[in-house]
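Presented below is the structure to which this report refers.
Numbered from 1 within each chain, the chains take letters A, B, ... in sequence-line order.
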Amino acid sequence: MFKRILIANRGEIAIRVAKACKELGIITIGIFSTADENSKHLRYMDESYKVGEPPPQASYLNINAIMAAAKQGGAEAIHPGYGFLAENPRFAEACEKTGIVFIGPSSKALSLVGDKIASRSTVKKVGVPIIPGMQIAEREVTSFQKIAKQVGYPVIVKASMGGGGKGMRIVRTPKDLETSIEAGQREAKNAFGDETVYLEKYIERPRHIEFQVLRDQDGKTVHLFERECSIQRRHQKIVEETPSTALDPELRRRMGAAAKKVIEASEYTNAGTVEFLLDENHNFYFLEVNARVQVEHPITEMVTGVDLVRQQIMIAAGAKIDFEQSDISQRGHAIEARIYAEDPENNFLPCPGKIVFLNEPAGPGVRVDSGIFQAWDVPPHYDPILSKLIVWAENRDMAIKRMSDALNDYIILGIKTNLGYLKRIMGTAKFIKGEYHTHFIDENESKLRLRDSNINTAIAAASLIVMESKQGAKSPVESDGTRQPTTPWQEIGDWEICRR
Amino acid sequence: MFKRILIANRGEIAIRVAKACKELGIITIGIFSTADENSKHLRYMDESYKVGEPPPQASYLNINAIMAAAKQGGAEAIHPGYGFLAENPRFAEACEKTGIVFIGPSSKALSLVGDKIASRSTVKKVGVPIIPGMQIAEREVTSFQKIAKQVGYPVIVKASMGGGGKGMRIVRTPKDLETSIEAGQREAKNAFGDETVYLEKYIERPRHIEFQVLRDQDGKTVHLFERECSIQRRHQKIVEETPSTALDPELRRRMGAAAKKVIEASEYTNAGTVEFLLDENHNFYFLEVNARVQVEHPITEMVTGVDLVRQQIMIAAGAKIDFEQSDISQRGHAIEARIYAEDPENNFLPCPGKIVFLNEPAGPGVRVDSGIFQAWDVPPHYDPILSKLIVWAENRDMAIKRMSDALNDYIILGIKTNLGYLKRIMGTAKFIKGEYHTHFIDENESKLRLRDSNINTAIAAASLIVMESKQGAKSPVESDGTRQPTTPWQEIGDWEICRR
Amino acid sequence: MRYRLVHLNAEYEVDIHKEQSEFVVRIRDKDYRISELVVQDNAISFRTEGKRHSIYFARDGEKIYVTLDGEYYFIELSNRTRYGSQGEEQQKGNVIASSMPGLLVKLPVKVGDKVKSGDTLAIVEAMKMQNELRSPIDGEVKKINCKEGEQVDAFQTIVEIENATIK
Amino acid sequence: MRYRLVHLNAEYEVDIHKEQSEFVVRIRDKDYRISELVVQDNAISFRTEGKRHSIYFARDGEKIYVTLDGEYYFIELSNRTRYGSQGEEQQKGNVIASSMPGLLVKLPVKVGDKVKSGDTLAIVEAMKMQNELRSPIDGEVKKINCKEGEQVDAFQTIVEIENATIK
């Protein structure tokens, strides 16, 4: 087993990985940008190295600086977490070259699964269904037109190196195809430095179902069942659950087998996730491989009882997976809600700032993977994720109620967060019934709006708070030195300075 | 299902029960003494009633006041938690008479299992081994002498209505028997108002193993495996774990079957725990039935995935147990540590007082059932339990490390607690090996003492804190109005006022 | 005592006075009788309309964060000329302010430029998210208060547009 | 700067002085060089002997609670006549103080009573636990500072015994 691991990340995932390391008796080496000198993840590191200025390019994406820290700290392995350099083949390669173990797949497997078109053709070869569309990237508009006609409209134009919705264009009629291709290429070029786009059949109202897979260096492959991640805002998952209400045992079995095939065909080792779209007729299509530990990995841990981060480290160290597919079962139900520093009432715009008061929930079936603390100033340079609230319960109904109650107990004051919004999701009829798909947020917009019911009570509370903080203060001393006693009625003057 | 439940308790267990109620859509009615007007459990109650003054007799043991609150609040059922009135047949009877459901066994079953001698004979009838000794309470010293000779010394004299070690006397030679009986009777009389004592064979170095059982009103009985509770100080459990390292599958099967027999023979419904002693030769003996949800119930929940408090409420409402014995399995390993307001360096004496700073651990496999909050003044009238830290992990080694790390993350400042002591238990060779019994604390006393290694660092920190708070303060103003600049060297005067 | 509070761009006129042991809070012509008021640190609790509320809050100058039954309310004391959020600007039309704190990554206009409604005036980036600020009106750039590469605050005015014709 | 600190009845003489950017803390004739000192709210961190320590603390007058690597240290500034804990009393022998805050449930002696070593002088109850305070010496009750039914603090003197013959 490794003696020293560098954790090339920050926030909750760096803490998650550090805890797994400590439990294995491994010394943890942290990195931080100058914006993170006081961040929580450093409390879990035995040693820490500064790797650069706040912008990610200068620090958490700075391969040279991170490799230097790894060398200085004597790291035998690097865990990249998620985001930042987690799926960057050049980073994996830099590790391979210096003899440091990259905790993840090889740079070769990373390159393969990172290229959407290449991975589509690999997957097709082993008989896993892919969304009908192009097999290779083409440049000619006529090729796009031909294939669009074959698969039938609507179609979607996607960036080959894409992600996060960038470079995507849905096309519903042939006349819009050409302009959409051009727009997609432009956006792809700007976002990824590569203008290659391709075309697929567009699946209406799909569910996003992914399978967690582990594969060791001997090629033993086990899946740990699905996660349903259809609740998304701006192509980013915000609520995930497992099991999915959309799968029956037979479909689950077939998708699990398909996921294992994809991982095997990609010669992929370590933990990986195979993403599928499921259409309204229960057909599933391979979407992509996420070559990292995912934000939503805890729900799989809760229902299968397998510690995924520990498995990642063990596999990277050469250990064999010591359980069989038949040992893995789903027990109960788990839901994750991602807590973001953002304003759902203002288009989910991010809201960094100081956390003035914090109370995190706890108790039966409640897990909080948190990267924050009271009095911390959330920096504006990184992803707005603050923490993850995960609940487990005997069944889905209880899990939804437990999540709702835990969200009630989760108090973050001083910055705006999506806590209230997440609670509203838990109260939505379609979510409670499990009847949802990736357009859930859009289609339930009115139901997810802050309801009026308690606004007057909140306004009343705010007025009382203002009044109390005035009355609690000492009587004001006028500039001429006379002391004026304060009574509520004398403060009516406040009214006058209000803007009309 | 009930619409309104009164929770006749305080602290973490009242919160635990309230959460289960809320998840079932049940309105929670709380009670509090005047010492608990600001206590955390009230935050989880939809309504609350004051039931009396701080002493337990005046409030949490005040059956009349609690029944009045139940009536006023329209409670259809009462959950007693643990301790206080949880196993009091008169309280169960008061509920039965007023048509309120007591969430627990009937008053009749409570009376039976509460009487140690009566339950011993019930248990013996169904073939479950009991510790060799008296079958009925006897008064004649000659009877004690005869039976002591039969079972062989050492023997133990116990109070029939006993608990918590009161009225117990270990007797190693015949000449000490008579005085021990007299002393036991006196102590029993004082503690329980009943001087009846009886005699048993004394088991050396036993392990305390208990089985969790559920039985519904149709008589369906399922056990949820064992908990090992041998780590005790002053006859009170402080660390519990499951599975026990002392059981093999065959012994586990036999003990589970015996536990179910005991519950069935006692005509006991709802959740109950059957306690056994296990001797060094792996013989087990029935000890007693705990007729309540137990402090350590969470570890069973973590490994079996069954929510015990929810089951209690469902069974009391007439629901059938909807799983079979064969559905229940133990997954992974769970450990609980009880956090007490007490001073392990001063004979575990209780330490009520104000919590100045609080940080509770969280993350993968960590559960905190807590009854405290920062700035709360822990009242001196009740049990010193503050909260319970429960961890789950894939295996026992990982669970011990996880507990140790979580204890590190658990910060309670302002009062003394056993947090450090618990962490030392996790680092003890005998605990790590799983080779322990109920005398663990005594036998490992020297290993459990606060080690010297860091004391100088702590002293240095304390000195720096004192120095900083002096330097941080403004320069002192002398009574004559002159302002004196402060420099470290001028403060040497402190030395002089120290006591020699 | 009277206040004017703003929540989600709606203004609330509030009038508080004491009647014996109770407070009466009038909000939009409806009276709420408040009793059992307790304020401590970050928590306030009171009873109104038959229900007891326990509310956590944080106050930062004119801004008040309040959480109640799992919902969050961001309320501001309206006693100064506030810089509005995007929604409001579209009505007001001449002051373009950032909707979030972040880095001003692009400022493609200069003073005197003619702009059309919908033109991008600035791009602010925070937490991996780019927010484009577009002109709500046809007009001319009158004033620019920031420079590209600068850190801006939420509600900080970046560009002022002189009204030409409202479209 | 010099302090005398008490931890678990052991006294530590501490001498702190500054040398350039470091502090030198002398404890029992050993020097600890402290660098990178940061004190904020309830946390103090510093480096000494090659290791960085992050310590939470709370200070309440002369009492300092410190937690370090999962262990808790209760340290007192020794600049007053302290009432000792039980252990110490057994050596000192004439001042009987409660070991914990609680209710004085029994006080079976009165001034002038002759007591023997081991006799129960008082019973204090807290958190379901009774603590018997016994006389460490043969002697005579000289002074009683409390009444039965009274709440007592930790270290509060309850009874004073006049030494007869030390057993």
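- The structure places CE of C:M129 at 9.0 Å from CD of A:E342, a figure rounded to the nearest 0.5 Å.
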side-chain contact (heavy atoms from CB on, under 4.5 Å) assessment of C:E71 paired with A:N454: CA-CA 9 Å; C:E71 287 290 0; A:N454 273 326; over 6 Å; no
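- If you measure heavy-atom distances from A:Y410 to chain C, the contacts under 4.5 Å come from the backbone alone.
- Note on A:P55, A:P344, A:A462, A:P352: by heavy-atom pairs under 4.5 Å with chain C, the leading option is A:P352.
- Chosen from A:D409, A:I411, A:L407, the residue pairing most often with chain C at heavy-atom distances under 4.5 Å is A:I411.
- Of all the heavy atoms in C:F46 and A:A461, the pair that sits closest is CE2-CB, 3.8 Å.
- Among the candidates C:E125, C:R28, C:H53, C:Q151, the residue making the largest number of heavy-atom pairs closer than 4.5 Å to chain A is C:H53.
- To the nearest 0.5 Å, atom OG of residue A:S463 and atom CD1 of residue C:I27 are 5.5 Å apart.
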Evaluation steps, side chain to side chain donor-acceptor pair (under 3.5 Å), between A:N408 and C:D69: CA-CA 6 Å; A:N408 253 356; C:D69 292 345; 5.8 Å; no
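- For C:Y56, the parts sitting under 4.5 Å from any heavy atom of chain A are the backbone and the side chain alike.
- Rounded to the nearest 0.5 angstrom, A:I412 CD1 and C:T67 OG1 are separated by 10.0 Å.
- C:R52 is linked by a salt bridge (charged side-chain N to carboxylate O under 4.0 Å, His left out) to C:E36, counting only residues two or more places apart in sequence or in another chain.
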Criterion side-chain contact (heavy atoms from CB on, under 4.5 Å) on C:Y72 and A:L450, from CA distance to verdict: CA-CA 9 Å; C:Y72 284 76; A:L450 181 62; over 6 Å; no
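- Both the backbone and the side chain of C:F57 come within less than 4.5 Å of a heavy atom of chain A.
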Side chain to side chain donor-acceptor pair (under 3.5 Å) evaluation trace for A:N456 with C:Y32: CA-CA 9 Å; A:N456 284 352; C:Y32 295 83; 2.7 Å; yes
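- With a 4.5 Å cut-off on side-chain heavy atoms, A:D343 and C:F74 do not count as touching.
- In this structure, the separation between CD1 on A:I455 and OH on C:Y12 is 4.5 Å, given to the nearest 0.5 Å.
- The shortest distance between side-chain heavy atoms of C:D41 and A:F357 does not fall below 4.5 Å.
- C:M127 approaches A:P379 most closely through the heavy-atom pair CE-O, 3.5 Å.
- Of all residues in residues 100-112 of chain C, those placing a non-hydrogen atom less than 4.5 angstrom from a non-hydrogen atom of chain A are C:M100, C:P101.
- Between the side chain of C:Y65 and the backbone N or O of A:L413 there is no donor-acceptor pair closer than 3.5 Å.
- Within the 4.5 angstrom heavy-atom criterion, atoms from both the backbone and the side chain of A:K416 approach chain C.
- Put simply, the side chain of C:I34 reaches to within 4.5 Å of the side chain of A:L464, judged on heavy atoms.
- Chain C forms the most heavy-atom pairs under 4.5 Å with one residue out of A:T417, A:T457, A:V378, A:D405, and that residue is A:T457.
- By the 4.5 Å heavy-atom criterion applied to side chains, A:V466 and C:R59 are counted as neighbours.
- Of all the listed residues (C:V66, C:V25, C:I64, C:L68), the one sharing the greatest number of non-hydrogen pairs under 4.5 Å with chain A is C:L68.
- The CG atom of C:L8 sits 9.5 Å away from the CG atom of A:N346 when rounded to the nearest 0.5 Å.
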